Structures are given as C-alpha cells and as structure tokens.
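Each remark here refers to the structure printed beneath this line.
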Amino acid sequence: MNTENLIALLVAAPLLGAAVLLCGGRALDRVGHLLGTLLAAVSFVIAVVLFSDLVGKSPHDRTLTQHLFSWVPVEGFQADVSFQLDQLSMTFVLLITGVGTLIHMYSIGYMEHDERRRRFFGYLNLFLAAMLLLVLADNYLLLYVGWEGVGLASYLLIGFWQHKPSAATAAKKAFLVNRVGDMGLSIAIMIMFSTFGTFAFKPVFDSVGDTSQGKLTAIGLTLLLAACGKSAQVPLQSWLGDAMEGPTPVSALIHAATMVTAGVYLIVRSGVIFNGAPDAQLATAVVGAVTLMFGAIVGCAKDDIKKALAGSTMSQIGYMVLAAGLGPVGYVFAIMHLVTHGFFKAGLFLGAGSVMHGMNDEVDMRRYGALRKYMPITFATFTLAYLAIIGFPGLSGFFSKDKIIEAAFAKGGTEGWILGITAVVGAAVTAFYMTRIMLMTFFGEKRWVPDEQGNEPHPHEAPSSMTIPMLVLAVGSVFAGGIFSLGDRFLKWLEPVTGHTEGHSPISTGAITGATVACMLIGMGVAWVMYGRRDVPALAPRGSLLTRAARRDLLQDDFNHVVLVRGGEHLTRSLVYVDHTLVDGVVNGTAASVGGLSGRLRKLQNGYVRSYAVSMFGGAAVIIAATLLMRAV
Amino acid sequence: MSFPLLTATAALPAVGAIATAAVPAKQRTAAKWLALLFSLGTLVFAAVIAARFDPGGNQFQLTESHAWITDFGVRYELGVDGIGVALIALTALLMPFVILAGWHDADPQETGSSRWRPTQGFFALILAVEAMVIVSFEATDVFVFYIFFEAMLIPMYFLIGGFGDRAGPHGEKEAATQRSYAAVKFLLYNLVGGLIMLAAVIGLYVVAGNFSLQEIVAARANGSLHMATSTERLLFLGFFFAFAVKAPLWPLHTWLPNAMGEATAPVAVLITAVVDKVGTFAMLRFCLQLFPNASKWATPAILVLALISIVYGALLAVGQRDIKRLVAYASISHFGFIIMGIFAMTSQGQSGATLYMVNHGISTAALMLVAGFLISRRGSRLIADYGGVQKVAPVLAGTFLIGGLATLSLPGLAPFVSEFLVLVGTFTRYPVIGIIATIGIVLAALYTLVLYQRTMTGPVKPSTEGIADLRVRELAVVVPLIGVLIFLGVYPKPLTDMVNPAVQHTLSDVHKKDPKPEVEAAHK
Amino acid sequence: MNPVNYLYLAALLFTIGAIGVLIRRNAIIVFMCIELMLNACNLTFVAFSRMHGNLDGQIIAFFTMVVAAAEVVVGLAIIVSLFRTRHSASVDDASLMKL
C-alpha cells in the first residue's frame, strides 16, 4: 500500500471522532471518551507509520503528497484539498498526535465528573483534526481552514464551561483577537494571489526570486500579524491569559503545546519568503524579543498558577519567534525549542491540573503550599519539567534555548547584541518565575483554605489515567533535547526543508552557555530569597508599580478596554443613532415634508365659492396674459 | 415544441398559491400540506433545470420565446444561464424550509389572529412570491423582468404587514402599528426604486426599440446600436437605483431592518435570502450586460458604497439590541460583499459574488430560522431577554452557533469560499478596498459571538428556564440547511462549475480581463 | 354699424358679471351674474359669426343657451334647497365642501 494515502487518514480519524461524538446523542455518553481517545491514538499510530516510512527514504526525498480533490475551481484561482508531508510537517504531526493522545488520556480522569464529557472529547478531536490539517496543507488557503478551525476548537474549549460568564467572555475574546490575526493571513494570501497567481507552497516558494522585496516584505509582515494572533505575541497577546478559563487539559494541549505554536510553524514554513524580506525578519525577531520579556514579566506577577504558566508560554513562544526571525540560522532551533517546549509545558500544565484536581479547583498559588508530600508523582514530574524549562544543563530546555541564544548573538551588529542579551535576561526571569511557582506550590507551609461550599481540600494523587501522561511527558522533558542534539540529529532531519546556515557569534559558545547558566542560577536564587526563605503571605502584598502593572498584564487589557471596547461601544452607539436619525431621517424627512406641503395646500380648499371663483379668474387672467405676452414676443 | 420547463417551474408555485388560497377556511392543515407539496414539486422542477443545464453550452439555455405585446416589441422571453440556475435552485431549495418553519406562524389557534383565513393567505402569498422570484431569475426580456420585479412587492407587502411575531412588550396594537410602518416603508422604498427603473425601461425602449436582453447585447456588440455616453449612464443609474434599493446598498438600506424585524422569521428569510437576491442578480444580468461602459464608469463610486455597506452594516449589527434587526444589519454587510464582488469585475469576484448569493441565502436562513424558533418560545426579540439557553436547549444553541459561524464565514462552511473569492477578486484590482473590506471579517466575528454569548451562554436566566429544545419539525428545517452549508463549504465544485462559464460571458460583455499575476507562477 | 362694437359690449357685460360673481354674496345675484357672463359669451360668438361669415358661432350660441337653461334648473334647485335648510341665500354660509 502506498503510504501517501495514509495522510488523509491522519486528519480523517479525529474528524470522524468529532462528528460522531458531537452528533451522536446521549447514547454515546458512556463510551464517548474512550472513542475519542482511541481515534487520537489511531492518528498517532498512522503518524508513526508515516514517520518510519520517511526515515527510510533519502533526506532530500522525504516529501509525500496526496491530492484529494479540487476545492474551489474558479477561473485563474486554483485551491485544492491536497496534503504535503515533509520533515517539518512530520515533526508537528508527531508532536500533535503524541501529546494529543496523552492529553486525551489525561482528560478521561480529569473530566470524569463532568456531565458533558462526551462533548469535550468531541471538541478535542475536532481540534486535532484542524491542527493536523493546518500542518499538512500544501497551500495557504487550506492552511487557513485549519488555522481558523483550531481557532474554533479553541473557542469552544475555552468556553466549555459556558455557564460561567468569564469563560464565555474569554472564549469570545480569544476568537476575536485571533480573527484580527486571521485578517493578516487572508491579506497575505490575497497579496500572494495577485503577485504569484497561486498560493500553493511550492509554486510560491519557487517564484519568490522573481518578485520585488517590497511585495515580500508586505507578505512577511501580514504573515507575522497572523502569527502574532495565533501565538499570542505582542500586540495580540491579550487573549492567552484569559484563555486559562478553559479546562486544564485544554490549556496544556492547545494553549501550550500545539495551537499557540502554529504561528511559529507559519513563519518557518514561509521561511523562503522571510529570507527575501529582511525587514519582515527583523520585525519578527523584535516581536519575539519583546514578547519573551513581556510574557516573562507577566508570569512573575500572577498568583493564578495557570495564568503564570500562560505568561511563561507567551515568553517561550517569544523565544521561538525570535529564533524564526533570525532566518536560516534559527529556523531549526525554533522548531526544536517548540518540540521540547511541547513536552515540558504540557507536563507543567498537566501537573497544575493535577494540583487543582486535588485542591478543589483552587488556582491561587497563595492558597497552596507544602503539596510535595501529598502528591509525590505530580511533584516529581513537575520538578523535571521545571528543570527543563529553566534550561538546567542536560535537560531538554537547556539544549534548545541555548541554541536560540547563540543564534541571536550570531545575528551580529547592535541588533545581535540587543536580541542576545534580551534572550539571556529572559532566561534569568524564566528561572525566577518558575522557581516562584515551584516554591509557592510545593514547598513552604500549608496555606489551604476551604472552597465556597466549605469543603476542606484533601490533596491526593491523581488517578493513573492522569499520572501516566505526566510521567511520559516528564521523560520527554528530560531526554528530548539531548537526543535531538546528539550528532545534530534534529538539524539534519529538518535542514532539507528549512535550510540552515551556521551562525558565527561574536563571543564564544562556551561563554554564552556560561552566562545563561549563571543567569538561571541568579533567577533561582532571587526567587528562593523572596519565596523560599520567607513565608508567602496569603494575601498578595501591594507590590511595586511594575508588579501591579504586570498583574494587570502590563496594562494591555486596560488599554484595550478603554480604546477598543469603550471606543467601539461609543462608535456603534453613535452609528445606530446616526442610522436612525440621519440616514433614515433623510427619507422620513422627505416623506414628512411632502406631507407638510400637502397640509398647507389643503388650506386653500376653504369651501367658499367666491374664493374658488377668484382663483378661477386669477388663473384665467394669468393664462390670457401669458398667451398675449407670447404673441407679443 | 419542447416542454416549457422554465414556465412550468414558475407556474407550479403560482398554481399552488391559487390552490392553497382556495382551501376551505377550516382545513388549515390541508392548506399547509398543500403549500409544502407544491414547494417540493417546484424543487423537483428546479433540480431538473439544473440537471438539463449544460455549463459548457450556450449562454442562455432552455429558452422560450413568444410574442406578447407586438406593438411595443415586448416578448415573453425566458432563458437561464449558470447564475440564474444557481439562484433558482436556491429559491426552490429554501421554500420548503420557509414553509415548514412558518408552519404555525399564521395559525389562528397558535397566534390568536382574527384575520380572514390567515393560514391559507400566508402560504398562498409565500408561494406567489416564489413564483415571481423564479420568473425574475428567468426573464431575458427587460419588460417581463420589470413586471415581476415590481409585482413581487404586493405579496411581500401583505406578508410583512399582515403577519408578525406574537405581541411584543407593548401589546398587539403597538406591534400592529410597527408592522404596518415597516410594510409601508418597504413598499415605498421599493416603489420609488421601481418607478425610476420604469423610466429607464421606457428610455431603453426609446433607444433600442425592443426589450430583449439578448438582442440589445448583440446589437451593441456588432455596432448596429449606438448609445450616447450620457444616455447610457442615465439609463444605467435608473436600473441600478432600483436594484440598489432592493439589494439593499447603503444608504438605501433602512427599510430592511424594519421589515426583517417586524416580519416573522420565515418571511424575514424570504426577504433577505430570496427577494433581495433579485436585486444583486439583476445588477449582474442587466446593469453589466446592457450598460457595460456605464458600469465601468460607475464602478469606483459603487465600490465605495459597497465598502461602506460592509463596515457600516457590521458596526450597526454590533450595536443592535434586537436579534432580528442584528441579522438584518449583518445581511446589509453581506450584500456589500456581493455588490463589491460584482463590480470588482474579475472572475473570482463575480463567481464569488454569485456563490455568495447562494451561500448567504442558506446561512441566513439557518441563523434566522433558529432565531425565529427561539423567539417563538419566549415571545421576545430582545437579546437582553435571553441568557444561558445553551444549558436548557443545547441542540437549539448548537444549531444557532453553526448558523452564526456560517455568518462569520468560518472556513469549512460555505460562506467562507464565497467571501474569500470576493476579497481576492477585489484585491487583485483594487488592493486598498480589498484590505479595508477584510475588517468586515473581524466585525462579523464580533457581532455573531456577542449575540451568541449574550443569548446562549452564562447562567440560566429565569425567563429562559422553560425554553424547550428543538422539535422534530424544527430539526427537519435546520439539519438539512446545515448539511448544505457544510457540503458547499467542502465541495463547492458543482456550483462553481455551473457559475464559471456564465461569469466569463458577463465579463467578456463588459470587455474586462482579469489582471495578470505579477509573476507568472512556474507551475501549471 | 361696426361689429367690433358688439365685442366691446360683450366684454363690458362679461366684466360686470365677473365682478358680480366675485363681490356679491346673495346666491341669486351670483347666479344671475353667471348668466350675464354666459350671455356675454353668446354675444361674442354671434358677433364673430357675423364677422367671419359662417354659422358656427350661431350654432354654438344655441348650445350655450341649452346648457344655460339646464344649469339654471339645477342651480335654482340647489339654491332653493339651501335656503330651506339655512334660511339664507348667502353663498358664504355654505362652506362645507372642503377637506
């Protein structure tokens, strides 16, 4: 059997699951979660089969394509439903289906008491299908379908607990902010179509050389806008924190490991375009650098464990976007960090979910403390993921982050120094906020409080359906980076797709690594001084100006609220008024003036015979006079 | 002589209207079933038209031509191109659902109406509208088109003014006043448009000597008919004004929210999904083909108006408090897209605009009819009266969400394909307008999701507690519509195959070619 | 005698009638003034008939007389019934024919 034909099955399996679970009635309630997990696993198995097939081929021949049908055939406009599986897509497919299957498994336990569990699994399957479509599409329009599809799944899952107004609002916000990004993607496709006459990857990339740099910059910047929306990069980052209203497995899968990294995929996939547009590349790198600091600072101030982790996600994706903005020097490392981040961040979120599970869904870290004794497995896996994310030497994050920092310095010039130093400082802040989370959650004194119903929390280890995925992810967090770096395996794997040039940084690799590790230790130390040595107050202190701003997402939300929400409300309200009084008023006014005029004319009709007679004579006189005048002329 | 298929397709609902009206007063159920049967029969005929139509053949097919008023050169001429077939199919497809959705809307037992034979009248009027709309899509004689274009107003006037939702918060009397205001406004706007068009129709006769679209186009092409520039422009404006009122284009749109707000949901669907399409269809068919030069002359102004419609309609939709008026303003935004696609004068734009007409019809029908089911349960159109419906009626909420997602053009559902084609088609010729129009994408998400959030999510309000989920009849309305939306979103090829050649004909009539891509792509 | 003099007389009679219609209130007098105007017209018709030497004007004069007679019948009937209800023959008292 031809392995190409398996590609469509990758998407079809979870799509089938979504259709069956969402359309099937209550009869499926008892098996729905199993069916959903099974189909995710099927997809993963197919992915593994395809992977082994790809590995067996020569490195430059590792692209499989499958054409399904012609989607929108219009004169001059060819959009097909067809797939392309190369090393880059394969990496994503394995990550998505692998982590996806684990999180399906985790959700069986996590959502056990939710009466709408079947629907939850339906949405998760829908997400998998859309995400796979996104990375498998061989043209931008089909990618766009997946792009919005994951947005929809994210909307449905963030708002899964719709009865909470905050969840519904967060879901809406996420979708809207993403739509702003989508606008960028659609404009990019429009520019591509008018420039190249097509938007399929291969022909577009092949003819990049024949077009002007201005066009490429325009495409690059609009693609960057799209990536900012999906990957929660400044200035479209505001939705990610609120998205934590969704169930925790969702935060782990969608808002940490896979969907939010779609922006990085988009930039790396469009690498050829970015390579031809240095301005767009610089903008990308700057966005990444700004976001990595922004997210890290926000992560330091949040007391909500999930929101702190969301800030961290933003920051880590900032690293990836920064790397992607460096061009061929960084593409491979962006993806490598993406994969390792997928492991450790999903692990951290699942750990957080496990903690919440045991603590009556409490999310405030100031009400945790001393949990390490009660949840040993969670503690152990969380710790490994923690060491990985802060870049502890030997663990996954160390290898991937280090490469990005090196690449940033290798950019050269002032830009290189600024980007590099930002990345190093970011590493210190990362160590600080992660250590803070660790200390507040697992160490120190108990600061537990009963929930609203007065139930005392009884922290306990989660069921095995939840701990197994956490253990698997912990293994990945520890070893993935090392395995990837051993003999530059990951580099050699991806290079045929993304291209790679070796960077030459102005300072030696050893010095950079040393500085990074030193920064990490400083960050850990400061956090220990602040949160480990002293007791953590149950009520958050007022904090410095920066802390207070960071708690409010560095006032970005307030800005949005004042400018966009309030401004928009005023605009629509005044437009409603204008429509009613002005546009409608002109027409109604015409009608009214016709009515008024006829009212006046009616007064002439007074019923007096003699006044009618006068008007008759007057009229006759005018006519005669006119006739005579005409004669005279 | 072959079987007059086009006449028969239009005549069937007309016969149905008469038959339904003649059903005895007490046999209300029989009247409903009769109307449904006739609409289904029309659907079968429409399917036969679509099957017999050969996309690769002549521009107009299945033609019929008979002398009518010989003194004025009026001929009874019918014929369809791919665009006409698509729209006839849309009309015939939607009607059974409209009738089924309005099953109880005019039943005196349900509404307490004291009108004379309300049920028979309601369904007879709906079928009458269907017949007239179908003739409008078929007519290739300007005079025949004009007659049916105008005659449609009569049944529509009675449908809007005579049947409404159950009494609102201010009682039946206030509701009746609002209804008659809406109906008169609808009538006056469209009559004024129609009168100006009548003058242009007469002017066209004076210039061309007959009313036949094909003859006039042929005569202009071979040079035997010459129109002075100013004459052509005036005639174009006369036609366009009527169609812009019907479509409706900003600033001639204010009748639509009133009409859609006051009418029952099925009638609102009839207005926006079917009747208004005659306006945009006629722009493509008559404005562009009869007056190609004037069309090109007016394009910049029309594109700007369309752009204003898109953004303005969407912004006003955000500000609405009434579910039905919100959908009405959303439709104004969508009509802006359709008109933009038509006047972008590219293959993608016009194919997209035609698909948009079909897809918008189906998606609005889905959204509006579900909204109507919701409104009929609670007796209020105000968004603020709802909340948490998702909890008590999950299927209703789910279908409402899908209708909403179609309205915001989510990829995978039909409207996305058409909206994107329109945007791309516009962008290749007018980049700035194309980019500004994408704001519509964001605003569409805003008004749809705000509507969904306020009505369906959140804690269950006391006023929504008793709301029941969709019944079998209602599911039979919504599920097939959603099925069509998904099918056309994933596989629109049958429709595009039908439409593409017709669009090429139209474009060659206006002597416009697609702009070439800057870089001729390597593959092909 | 110069036939134009008849035209002057007719004009004079018409003017007297017109002024009478406009300024008098009594319905009978208004009516008589209308008759005066009609007869002034008759006079011009006959005069023109004589001047141009054909009979058309005289025939029209006969028509006018017939119409005037019919008008008198209807008009007097209206005036009489008006007088019965209003006890007045003033035209200003009858102003109900308005919107």
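The sequence lines fix the lettering, A, B, ..., with proteins before strands; numbering per chain opens at 1. As the structure is a computational prediction, the values presented were derived from the model and not from experiment.
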Locate the shortest heavy-atom distance separating A/Val145 from B/Gly412; write the atom from each residue and the value. CG1-N, 4.4 Å

Derivation and outcome, ring pair (Phe, Tyr, Trp, His ring centres under 6.0 Å), residues A/Phe69 and B/Tyr491: CA-CA 9 Å; A/Phe69 56 88; B/Tyr491 194 65; 5.4 Å; yes

Can you find a pair of side-chain heavy atoms, one from B/Val417 and one from A/Trp71, that are under 4.5 Å apart? yes

Would A/Val72 and B/Leu421 satisfy side chain to side chain contact (heavy atoms under 4.5 Å, CB included), going step by step from the backbone distance to the final call? CA-CA 9 Å; A/Val72 191; B/Leu421 281 174; 3.8 Å; yes

Within a strict 4.5 Å, meaning less than it, do heavy atoms of the B/Pro431 and A/Ser194 side chains meet? no

Taking the side chain as everything from C-beta on, heavy atoms only, tell me whether B/Thr448 gets closer than 4.5 Å to A/Phe175. no

Could you walk me through whether B/Thr457 and A/Lys172 pass the side chain to side chain contact (heavy atoms under 4.5 Å, CB included) check? CA-CA 11 Å; B/Thr457 68; A/Lys172 182 187 68 182; over 6 Å; no

Which atoms of A/Leu152 approach chain B - backbone, side chain, both or neither, heavy atom under 4.5 Å: side chain

Counting heavy-atom pairs under 4.5 Å to chain B, which of A/Leu156, A/Asp584, A/Val576 comes out on top? A/Asp584

Might you confirm whether atom NE2 of A/His67 has over 12 heavy atoms from other residues, nucleotides or ligands at distances under 6.0 Å? yes

Would you check if A/Arg179 and B/Leu408 make a side-chain contact, meaning some heavy-atom pair closer than 4.5 Å? yes

Side-chain contact, heavy-atom cut-off 4.5 Å: B/Leu315 with A/Leu571? yes

Would you indicate whether B/Lys461, at its atom NZ, is surrounded by more than 12 heavy atoms from other residues, nucleotides or ligands within a distance under 6.0 Å? yes

Examine whether an atom of B/Tyr181 lies under 4.5 Å from a heavy atom of chain A, and if so say whether it belongs to the side chain, the backbone or both; otherwise answer neither. side chain

With respect to chain A, which residue among B/Val460, B/Thr438, B/Val499, B/Val450 yields the maximal number of heavy-atom pairs within a distance under 4.5 Å? B/Thr438

Highest number of heavy-atom pairs under 4.5 Å with chain A among B/Val442, B/Thr426, B/Leu401 belongs to B/Val442

To the closest 0.5 Å, what do you measure between OH (A/Tyr155) and CG (B/Leu405)? 7.5 Å

Can you tell me which portion of B/Leu355 sits under 4.5 Å from chain A's heavy atoms? Options are side chain, backbone, both or neither. neither

Can you name the closest pair of heavy atoms from A/Pro73 and B/Asn500 and give their distance? O-ND2, 2.9 Å

Can you tell me which of A/Val81, A/Ile191, A/Asp182 forms the most heavy-atom pairs within a distance under 4.5 Å of chain B? A/Ile191

Option in B/Gln453, B/Gln504, B/Arg429, B/Lys493 with maximal non-hydrogen atom pairs under 4.5 Å from chain A: B/Gln453

Would you say CZ of A/Arg116 has more than 12 non-hydrogen atoms from neighbouring residues, nucleotides or ligands within 6.0 angstrom? yes

B/Tyr452 OH to A/Gln162 CD distance, which is reported to the nearest 0.5 Å: 4.0 Å

Can you tell me which of A/Val586, A/Leu141, A/Val204, A/Leu22 forms the most heavy-atom pairs within a distance under 4.5 Å of chain B? A/Leu141

Between A/Leu176, A/Val578, A/Asn178, which residue shows the highest count of heavy-atom pairs closer than 4.5 Å to chain B? A/Leu176

Here the gap from B/Leu443 atom CG to A/Met183 atom CE, rounded to the nearest 0.5 Å, amounts to 9.0 Å

How many angstroms lie between CD1 in A/Ile187 and CD1 in B/Ile441, if you round to the nearest 0.5 Å? 8.0 Å

Dump the intermediate steps for side chain to side chain contact (heavy atoms under 4.5 Å, CB included) on B/Leu423 and A/Met190, then the final yes or no. CA-CA 8 Å; B/Leu423 284 173; A/Met190 294 187 315; 3.6 Å; yes

Measuring heavy-atom distances to chain A, does B/Val490 have an atom under 4.5 Å in its side chain, in its backbone, in both, or in neither? both

For the candidates B/Lys185, B/Gln320, B/Lys391, B/Met456, which exhibits the highest count of non-hydrogen atom pairs separated by less than 4.5 Å from chain A? B/Lys185

Would you mind checking if A/Glu75 and B/Lys513 are paired as a salt bridge, meaning a charged N to carboxylate O distance below 4.0 Å? no

At a heavy-atom separation under 4.5 Å, does B/Pro515 approach chain A through its side chain, its backbone, both, or neither? neither

Tell me, for A/Lys215 versus chain B, whether the close heavy atoms (under 4.5 Å) come from the side chain, the backbone, both or neither. side chain

Heavy-atom proximity to chain B below 4.5 Å, by part of A/Thr169: both

Close side-chain approach of B/Pro411 to A/Glu148, heavy-atom, < 4.5 Å: yes

Is there a side-chain contact between B/Phe420 and A/Ile189 in this structure, where contact means two heavy atoms from C-beta onward sitting under 4.5 Å apart? yes

